[in-house]
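Letters go in sequence order (proteins before strands), and every chain restarts at 1.
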2 protein chains.
Amino acid sequence: MTARPKVRPGKRTNDPEGLRKRVIDVAEASFQARGYHASSLGDLMAAAGVTGGALHHHFPTKKALALAVIEERVAAAVEATWIAPVQAAGSAREGVRSVFEAVAAELEQQGFVRGCPLNNLAHELSLADPDLRAALAGIFSAWRQAIADKVRADQQAGREQDTDPQRFAALAVATYSGAMSMAKTAQDSGVLRDCLNALEQEASPASSSKGEAVAKRRRRVLRQYKAF
Amino acid sequence: MTARPKVRPGKRTNDPEGLRKRVIDVAEASFQARGYHASSLGDLMAAAGVTGGALHHHFPTKKALALAVIEERVAAAVEATWIAPVQAAGSAREGVRSVFEAVAAELEQQGFVRGCPLNNLAHELSLADPDLRAALAGIFSAWRQAIADKVRADQQAGREQDTDPQRFAALAVATYSGAMSMAKTAQDSGVLRDCLNALEQEASPASSSKGEAVAKRRRRVLRQYKAF
DNA sequence: TTGACAAAACAGGACAACCGGTCTGTTTTA
DNA sequence: TAAAACAGACCGGTTGTCCTGTTTTGTCAA
């Protein structure tokens with residue numbers, strides 16, 4: 001965790017970037033765990049060890065803080081979790097598969113599903129404010145674009161000739177988003193593997209008949225249910 | 001709209017069921033348009049033409065009201081929009097396809113995407129309260145179950161032998177949920193058709209090579225953006 | 001190096017609006 | 001005639017924001 005300012009009476013050390021980072025850290029975590037409206041600035045101030053004046057200096061309104069979290073953290077999370085791995089993968093399908101498995105494995109290890117940060121905020125805020133909605137929509141768009149671009153790269157290598165890049169990307173993003181929504185609601189990460197298997201079994205163009213013994217899916221109901 | 005009580009000074013007519021219905025009507029619409037936390041009981045009371053005493057008599061807490069909306073309205077919406085059409089369809093795939101198209105057409109006509117009521121509330125409330133989460137998870141479960149059951153019926157008729165019912169159902173629900181999330185955030189219902197086409201083009205087991213001229217998808221950015 | 005000084009950074013209280021819930025009392029109805 | 005249904009005021013707590021003042025820091029002339 002980021003260090004709080006030392007308790008040195010009479011002395012003070014300005015650290016604008018550090019303080020701003022601490023606030024956004026706390027806000028990102030709280031928005032993800034409790035949502036935007038349920039996160040009060042008072043709680044965030046206490047958790048970050050920041051006074052009202054300092055918070056207001058860096059983020060004049062709560063909306064400004066949300067915008068910063070979206071543009072700096074949520075976008076980065078999508079970039080790190082999805083865009084970079086897909087670009088680095090051998091193919092678009094392989095990239096999608098690896099991300100699904102990585103996230104599924106992470107959720108199973110964590111034992112608790114907080115959901116997708118982008119979708120969490122998108123549901124709560126996209127109808128509430130046009131600016132926030134635009135920022136969130138931009139992240140969705142970049143996400144889709146990266147996958148579609150990867151499909152096009154595959155096509156230039158002679159593969160995926162019968163695949164529509166835009167549609168494939170939409171399907172991947174939608175399936176993941178919906179699977180995370182269900183996983184969060186049911187607190188069961190197994191849905192992710194169900195969806196991935198359904199995509200692989202059915203959505204692969206080289207599949208006309210593969211009814212071999214399918215590895216029985218494991219339902220992994222998460223044990224603990226604790227808030228943030 | 002449901003009628004408000006007549007302005008008859010000195011006279012009153014008790015109408016428990018009607019009043020309760022009016023409150024749930026308003027709550028359902030407000031939760032869908034603004035979300036749970038952004039909907040104040042004061043606004044709901046004013047919109048429904050109900051006093052604080054009456055509201056408290058029918059719904060002691062805000063959570064009780066949310067639970068009623070979820071159990072009576074959201075569940076019914078999923079039943080009417082998804083379960084019944086799928087059961088009535090000629091096959092599971094045909095049912096899924098028809099629902100996607102029906103919703104897409106409805107959204108295009110409305111010109112505004114409010115999102116899926118179940119997913120909207122699930123994102124905001126499933127981590128906030130165990131009871132609400134359980135209620136929401138139950139609706140997701142019934143939704144998946146109905147689709148899986150339809151696949152099994154298809155299988156007993158000799159079709160869909162290579163399809164895993166549970167996985168297919170998970171994929172359908174996840175794709176729809178995610179597509180609605182994107183459509184709401186982008187205020188563009190075209191994603192639904194993208195996802196449906198991707199599912200049909202790729203997820204059909206009888207598809208090994210169909211690269212015929214794909215009908216160019218139409219991107220239909222919705223014009224108006226007004227809050228409830 | 002120092003001292004002046006303006007701007008940035010931070011502290012902390014104040015506040016008005018609002019929220020959800022409770023309470024008492026009245027009217028309707030079975 | 002008692003319970004259900006409804007009216008309406010009331011309250012403590014919280015929320016987001018604003019405001020005034022203090023401290024730190026960067027800048028630049030001397």
- When you match A:Asn14 and B:His57 each to their closest nucleotide on DNA chain D, which lands nearer the 5' end? B:His57
Measure the distance from [atom1] on [X] to [atom2] on [N] and round it to the nearest whole Å.
X       : N      : atom1 : atom2 : answer
B:Leu55 : D:dC10 : CG    : C1'   : 16 Å
A:Arg20 : C:dC10 : CZ    : P     : 12 Å
A:Leu44 : D:dT17 : CG    : C1'   : 15 Å
B:Leu41 : D:dG8  : CG    : P     : 18 Å
A:Arg22 : C:dA9  : CZ    : P     : 14 Å
B:Leu65 : C:dC19 : CG    : P     : 15 Å
A:Leu19 : D:dT25 : CG    : P     : 13 Å
A:Glu17 : C:dA9  : CD    : P     : 8 Å

- Message: So that I can tick it off, tell me whether B:Arg97 and B:Glu94 are bridged by a salt bridge, with the cut-off set at under 4.0 angstrom between side-chain N and carboxylate O.
- Response: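 Yes, charged N to carboxylate O under 4.0 Å.
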- Message: Less than 4.0 angstrom from a charged side-chain N to a carboxylate O is my criterion; do B:Asp149 and B:Arg152 meet it?
- Response: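 Between B:Arg152 and B:Asp149 there is a salt bridge, with a charged N closer than 4.0 Å to a carboxylate O.
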- Between A:His58 and C:dC10, does any side-chain N or O lie under 4.0 Å from OP1 or OP2? yes
- Has A:Ser40 got a side-chain N or O lying under 4.0 Å from the OP1 or OP2 atom of D:dT14?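 No.
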Consider the side chain of [X], meaning its heavy atoms from C-beta on, and name the nucleotide among [options] that approaches it most closely.
X       : options                : value
A:Arg12 : C:dG20, C:dA11, C:dG21 : C:dA11
A:Thr13 : D:dT25, D:dG16, D:dA5  : D:dT25
A:His56 : D:dC6, D:dC18, C:dC10  : D:dC18

- Task: Classify the side-chain pair B:Lys184/B:Asn119 by whether it contains a donor and acceptor separated by less than 3.5 Å.
- Result: no
- Item | Sequence neighbours excluded, every pair satisfying ring-ring contact (aromatic ring centres under 6.0 Å, His included) that has a member inside residues 26-57 of chain A |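 Listed by first then second residue: A:Phe31-A:Tyr36.
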- Task: Take B:Gly42 and A:Asp15, find for each the nucleotide of DNA chain C with the closest heavy atom, and name the residue whose nucleotide sits nearer the 5' end.
- Result: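 Mapping each residue to its closest nucleotide by heavy atoms, the 5'-most match is A:Asp15.
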- Assign each of B:Gly52 and A:Gly52 to its nearest nucleotide of DNA chain C by heavy atoms, then name whichever residue's nucleotide is nearer the 5' end.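 Final value for this comparison: A:Gly52.
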- Output yes when a side-chain donor or acceptor of A:Gln187 lies under 3.5 Å from a complementary backbone atom of B:Leu127, and no otherwise. no
- Task: Would you indicate what B:Thr51 reaches in the nucleic acid, counting non-hydrogen atoms under 4.0 angstrom: base, sugar-phosphate, or nothing?
- Result: base
